[in-house]
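Worksheet for the structure shown next.
The analysis underlying the following values was restricted to heavy atoms, covering all of them including side chains, and did not include hydrogens, waters or symmetry mates.
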Amino acid sequence: TSVQLVGGGILGEAVTMAPNTERVLDTWASKDGRLELHYVQDGVPSRVIVDGYVTNHQGGDYTVIRDAAGAVSVATP
């Protein structure tokens, strides 16, 4: 599964995650907007709204979790 944070001027690096792993992704918004987690699992693209509104010049860490069954979720700061 490949995951990527997108939005608010953020175009994060797409990273691959194995089942039963966590990864902390750091963000810094360069404009106002919505932050989404885009991921591809078993060839099917999906997206989840992480934050409905991020503000220019603000950032944070988001923990992306892929559980043992392969489901993807994100924990916000």
Side-chain angles (χ1 to χ4, degrees):
T1 296
S2 175
V3 301
Q4 180 179 34
L5 286 173
V6 178
I10 298 163
L11 181 57
E13 175 185 355
V15 295
T16 301
M17 293 184 65
N20 208 29
T21 59
E22 292 185 6
R23 184 139 189 188
V24 177
L25 302 177
D26 181 55
T27 63
W28 185 259
S30 61
K31 64 181 183 178
D32 295 351
R34 180 170 64 189
L35 183 62
E36 299 177 344
L37 176 71
H38 292 195
Y39 62 98
V40 178
Q41 184 169 347
D42 299 326
V44 179
S46 298
R47 67 181 180 181
V48 174
I49 297 172
V50 175
D51 196 330
Y53 188 79
V54 293
T55 303
N56 186 25
H57 299 297
Q58 291 189 2
D61 293 334
Y62 295 86
T63 303
V64 180
I65 303 158
R66 185 168 182 218
D67 68 19
V72 177
S73 62
V74 63
T76 58

Could you go step by step and tell me if Trp28 and His57 meet the side-chain contact (heavy atoms from CB on, under 4.5 Å) rule? CA-CA 7 Å; Trp28 185 259; His57 299 297; 4.0 Å; yes
Which pair of non-hydrogen atoms, one from Val54 and one from Ala29, has the smallest distance, and what is that distance? CG2-CB, 4.2 Å
Indicate, with yes or no, if Leu25 and Met17 share a hydrophobic cluster defined by side-chain heavy-atom contacts under 4.5 Å among Ile, Leu, Val, Met, Phe, Trp and Tyr. yes
Going by heavy atoms in the side chains, are Asn20 and Asp67 under 4.5 Å from each other? no
Let me see the working for Ile65 and Arg23 under side-chain contact (heavy atoms from CB on, under 4.5 Å), right down to the final yes or no. CA-CA 7 Å; Ile65 303 158; Arg23 184 139 189 188; over 6 Å; no
Rounded at 0.5 Å granularity, tell me how far CD in Glu13 sits from OG in Ser2. 9.5 Å
Is there a path of hydrophobic side-chain contacts, each under 4.5 Å between heavy atoms of I, L, V, M, F, W or Y residues, that connects Val40 with Val64? no
Determine, stepwise, if the pair Val74 / Thr63 fulfils side-chain contact (heavy atoms from CB on, under 4.5 Å). CA-CA 6 Å; Val74 63; Thr63 303; 6.0 Å; no
Taking the side chain as C-beta and beyond, is there a heavy-atom pair between Gln4 and Val15 under 4.5 Å? no
Check against side-chain contact (heavy atoms from CB on, under 4.5 Å), Ile10 and Leu35: CA-CA 8 Å; Ile10 298 163; Leu35 183 62; 3.9 Å; yes
Result block: side-chain N/O donor-acceptor pairs under 3.5 angstrom for residues 41-53, not counting sequence neighbours:
from  : atom 1 : to    : atom 2 : distance (Å)
Gln41 : NE2    : Gly70 : O      : 2.9
Asp51 : OD1    : Tyr53 : N      : 3.1
Tyr53 : OH     : Asp32 : OD2    : 2.7

Contacts of type side chain to side chain donor-acceptor pair (under 3.5 Å), residue Thr1, not counting sequence neighbours: Arg66
I'd like to know if the side chain of Thr27 reaches the main chain of Gly60, judged simply by a donor and an acceptor atom lying under 3.5 Å from each other, with no hydrogens or angles considered. yes
